[in-house]
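Worksheet: one structure, shown below.
Both counts, for ligands and for their atoms, begin at 1 and track the order of listing.
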Amino acid sequence: MNKPLILVVEDDSTVRNLIATTLKSNDYRYITAPNGASAIAAATTQQPDIVFLDLGLPDLDGVEIIRRIRTWSQMPIIVISARSEDADKVSALDAGADDYLTKPFSVTELLARLRVAQRRISSAAVMTGEALFHNGNLTIDYGAGCAFLSGEALKLTPTEYKLLCLLAKDVGKVLTHTYLTDKIWGSSWESDMASLRVHMATLRKKIEKDSDTQYIQTHIGIGYRMLKVE
Ligand code: CA
């Protein structure tokens, strides 16, 4: 795959330059936008492959930018926000962002998130219309409604299977607690959140049991992500 084109949206020039320098020295192509209006314009005309989006912009709300981009594109959006803004991250993810970086972040973290997004693009291209989902030793047979680990059928409850399919459908993307409970139970009460934790724990025990492979990543206070295993 060619190096993707990255759009960096950030009004703080220090952070913007840090990201730009990192991308440049790692051979990525990039464009920058210092505010929401120019971000929308760049996203429309230049069609970037991945977007880094600061949530706190002078003119437009970052969540609003995500909503607008999502009306025409599924390009991975990685939100950049301050540590104290967990609620904002959740709104951003629910509006369709894929992932988040918390300020201050390291260059290593930035590049790691970028790789996750790139894997997400390539797996999305492969998986369109597929009847089978493969990730490491994990296979989901959507037609048969069952999942396998290293070729052995997993004994999943209907809720665990549903959870697994939701995570697999958006592999690489962080899914919020609200999104998951809403998809499974149609609601997101405190009791649903508790049930989600229980079902997730039992699911993880089954798919991560006798290997060192981690398929599901917990984001405390935010949600869960299925990692794309090499
Ligand atoms: Ca800002």
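- Around the Ca ion (ligand 1), the protein atoms of type N, O or S that sit closer than 3.0 Å are D11 OD1, D54 OD2, G56 O.
- The ring pair (Phe, Tyr, Trp, His ring centres under 6.0 Å) contacts involving residues 87-113 comprise Y100-H219, where partners must be two or more places apart or lie in separate chains.
- In terms of the side chain to side chain donor-acceptor pair (under 3.5 Å) criterion, residue partners of E64 (sequence neighbours excluded) are, by chain and number, R68.
- Side-chain contact between S195 and W185: present, with at least one pair of heavy atoms (C-beta onward) separated by less than 4.5 Å.
- Between K183 and D170 there is no salt bridge, since none of the side-chain N atoms of the basic residue sits less than 4.0 Å from a carboxylate O of the acidic one.
- Applying the salt bridge (Lys or Arg N to Asp or Glu O under 4.0 Å) definition to pairs two or more places apart or across chains, those involving residues 6-27 are E10-K103.
- Formation of a donor-acceptor pair under 3.5 Å by the T139 side chain with backbone atoms of N135 is not found in this model.
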